[in-house]
Amino acid sequence: MSWIQCRDGKRVRRFFNKAAWLGWVCIAFSMAMGVPSPLLSKAHAHPHVFIVQRLNLVFDEKGLAGIKVRWKMDDMFASMIAGDHDQNRNGTLEPDEVQSVRENAFIFIREFNFFTFIKIDNRPFQVKFIRDFNATLENGRLVYEFFIPCHVKATDIYKKVSVSTYDPSYYTAIFFAKKNPVALTAADAFELKTAIREDPDTKIYFDMIHPWTLFMEFRKKT
């Protein structure tokens with residue numbers, strides 16, 4: 001197994017203004033209310049929310065079972081979410097507060113495949129739902145975790161799976177973590193080839209950006 005790491009969290013900006021974050025909230029609100037928002041246009045799409053992610057590829061006895069996603073948000077976005085949903089101001093998101101985050105801040109990206117675009121043998125796999133959502137505050141940083149069911153049965157021939165995580169509007173920028181960007185769970189029964197690199201076949205933001213993508217091939221061990 002080999003990793004090609006081309007971009008990391010060091011390039012994630014640490015300074016954000018409140019107005020930019022409110023623009024992101026306007027998008028979510030507009031989507032929820034069905035009202036068009038000018039911020040949805042590409043002209044306003046330069047990133048204002050920044051995420052460092054790690055992916056965990058989860059296997060079972062048949063093959064790939066799904067992908068566990070972990071996103072760590074930038075400081076400003078985290079402070080705004082905490083301000084809105086940490087009602088008792090104790091620095092911890094309790095179960096009812098996590099549910100509030102899910103329903104009022106997270107679920108809107110369902111319209112965009114939860115920012116996760118998967119291909120199986122070059123055919124798109126639509127992410128219709130997720131499970132096991134959780135939100136936590138770690139030293140003031142907001143972390144989202146959720147699981148995407150995606151069953152791909154292993155065969156004697158390599159199956160190809162790619163996972164590209166991005167916001168089509170490019171309002172949110174998502175980077176792979178510098179260290180340990182991808183983990184494997186229960187993968188001992190399979191042979192794997194992996195790499196992280198730009199996807200030359202996908203373009204966003206005036207066709208100028210190629211999202212960073214995890215490419216994986218796996219098969220039964222012979």
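Excluded from the calculations below are hydrogen atoms, water molecules and symmetry mates; all remaining heavy atoms, backbone and side chain alike, are included. Residues: numbered from 1 along the sequence shown.
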task = With the side chain counted from C-beta on, respond yes when Ile196 and Pro181 share a heavy-atom pair under 4.5 Å apart, and no when they do not.
result = yes
**OP:** Examine distances only and state if a side-chain atom of Thr136 and a backbone atom of Glu138 form a donor-acceptor pair shorter than 3.5 Å.
**Re:** no
In terms of side-chain heavy atoms, does Asp96 have a donor or acceptor partner in Gln87 at a distance below 3.5 Å? no
Whether the side chain of Asp121 engages the backbone of Lys160 through a donor-acceptor N/O pair (distance < 3.5 Å, no angle test) should be reported.
yes
Here the gap from Asn56 atom CG to Ile148 atom CD1, rounded to the nearest 0.5 Å, amounts to 12.0 Å
- Pairwise side-chain contact, Tyr144 with Ile51, heavy-atom cut-off 4.5 Å (strictly under): no
Take Glu145 and Arg70 through the salt bridge (charged side-chain N to carboxylate O under 4.0 Å, His left out) test and state the conclusion after the steps. CA-CA 5 Å; Glu145 291 182 307; Arg70 187 180 194 273; 3.5 Å; yes
Go through it in stages, so that I can follow the logic: the residues are Lys68 and Asp132, the test is side chain to side chain contact (heavy atoms under 4.5 Å, CB included), and I'd like the CA-CA distance, side-chain angles, deciding distance and then a yes or no. CA-CA 9 Å; Lys68 186 173 182 180; Asp132 303 331; over 6 Å; no
- Item | Heavy-atom side-chain proximity of Leu93 to Asp86 below 4.5 angstrom | yes
Test item: Leu192 and Phe59 side chains (from C-beta on) under 4.5 Å apart, heavy atoms
yes
So CG of Leu64 and CE of Met216: to nearest 0.5 Å the spacing works out to 5.0 Å
Answer yes or no: does atom NZ of Lys62 have more than 12 heavy-atom neighbours from other residues, nucleotides or ligands under 6.0 Å?
-> no
Check: Phe129 main-chain N/O paired with Arg110 side-chain donor or acceptor under 3.5 Å | no
Exactly one of Glu97, Arg102, Glu103 clears side chain to side chain donor-acceptor pair (under 3.5 Å) with Gln99, and that residue is Glu103
message = Go through it in stages, so that I can follow the logic: the residues are Trp212 and Phe175, the test is side chain to side chain contact (heavy atoms under 4.5 Å, CB included), and I'd like the CA-CA distance, side-chain angles, deciding distance and then a yes or no.
response = CA-CA 7 Å; Trp212 291 84; Phe175 301 84; 6.0 Å; no
| query | Between Tyr158 and Val182, is there a shared hydrophobic cluster once you connect ILVMFWY residues whose side-chain heavy atoms come closer than 4.5 Å? | reply | no
Step by step, would you call Val101 with Phe133 a side chain to side chain contact (heavy atoms under 4.5 Å, CB included)? CA-CA 10 Å; Val101 172; Phe133 174 81; 4.2 Å; yes
With clusters defined by side-chain heavy atoms of hydrophobic residues (ILVMFWY) lying less than 4.5 Å apart, directly or transitively, does Ile120 cluster with Val58? no
> Within the side chain of Lys72, is there an N or O that forms a donor-acceptor pair under 3.5 Å with the backbone of Arg54?
Replying inline: no
### Query
Can you list the steps and then say if Phe106 with Phe114 is a ring pair (Phe, Tyr, Trp, His ring centres under 6.0 Å)?
CA-CA 9 Å; Phe106 171 77; Phe114 295 95; 5.7 Å; yes
Rounded to the nearest 0.5 Å, the CD1 atom of Ile130 sits from the CD1 atom of Ile67 at a distance of 13.0 Å
By ring-ring contact (aromatic ring centres under 6.0 Å, His included), Phe215 pairs with (sequence neighbours left out) none
Which of Tyr166, Tyr170, Phe115, Phe117 passes side-chain contact (heavy atoms from CB on, under 4.5 Å) with Pro211? It is Tyr166
**Message:** Show, in sequence, the C-alpha distance, side-chain angles and deciding distance for Arg219 and Asp156, and conclude whether the salt bridge (charged side-chain N to carboxylate O under 4.0 Å, His left out) test is met.
**Reply:** CA-CA 6 Å; Arg219 68 180 181 183; Asp156 294 331; over 6 Å; no
Notebook entry, point to check: Taking the side chain from Asp60 and the backbone from Ala65, do they hold a donor-acceptor pair closer than 3.5 Å?
Noted result: no
Count the heavy atoms belonging to other residues, nucleotides or ligands that lie under 6.0 Å from CZ of Arg123, then report whether that count exceeds 12.
no
- Query: Can you check whether Leu214 reaches Leu57 side chain to side chain, under 4.5 Å on heavy atoms?
  - Reply: yes
CG of Asp201 to OG1 of Thr213, rounded to nearest 0.5 Å, is 9.5 Å
Interatomic distance, CG@Asn90 vs CG@Asn88, rounded to 0.5 Å, equals 3.5 Å
Output for pair (Phe125 CZ, Thr116 OG1), nearest 0.5 Å, gives 11.0 Å
Smallest heavy-atom separation, Ala154 atom then Phe190 atom, equals CB-CE2, 3.5 Å
- Should Ile174 and Val143 be regarded as members of a common hydrophobic cluster, given that ILVMFWY residues are connected when their side-chain heavy atoms come within less than 4.5 Å of each other, either directly or indirectly? no
On a heavy-atom basis, the closest approach of His85 and Ala105 is NE2-CB, 4.3 Å
When you group the ILVMFWY residues by side-chain heavy-atom contacts below 4.5 Å and let the links chain together, are Val98 and Met73 in the same group?
yes
Heavy-atom closest pair (Asp74 atom, His48 atom, distance to 0.1 Å) is OD2-O, 4.3 Å
Q. Honestly curious: do Val163 and Phe176 fall in one hydrophobic cluster under the side-chain, below-4.5 Å linking rule?
A. yes
Item to complete: Could you tell me whether the side chain of His210 and the main chain of Lys203 form a donor-acceptor pair under 3.5 Å?
Response: no
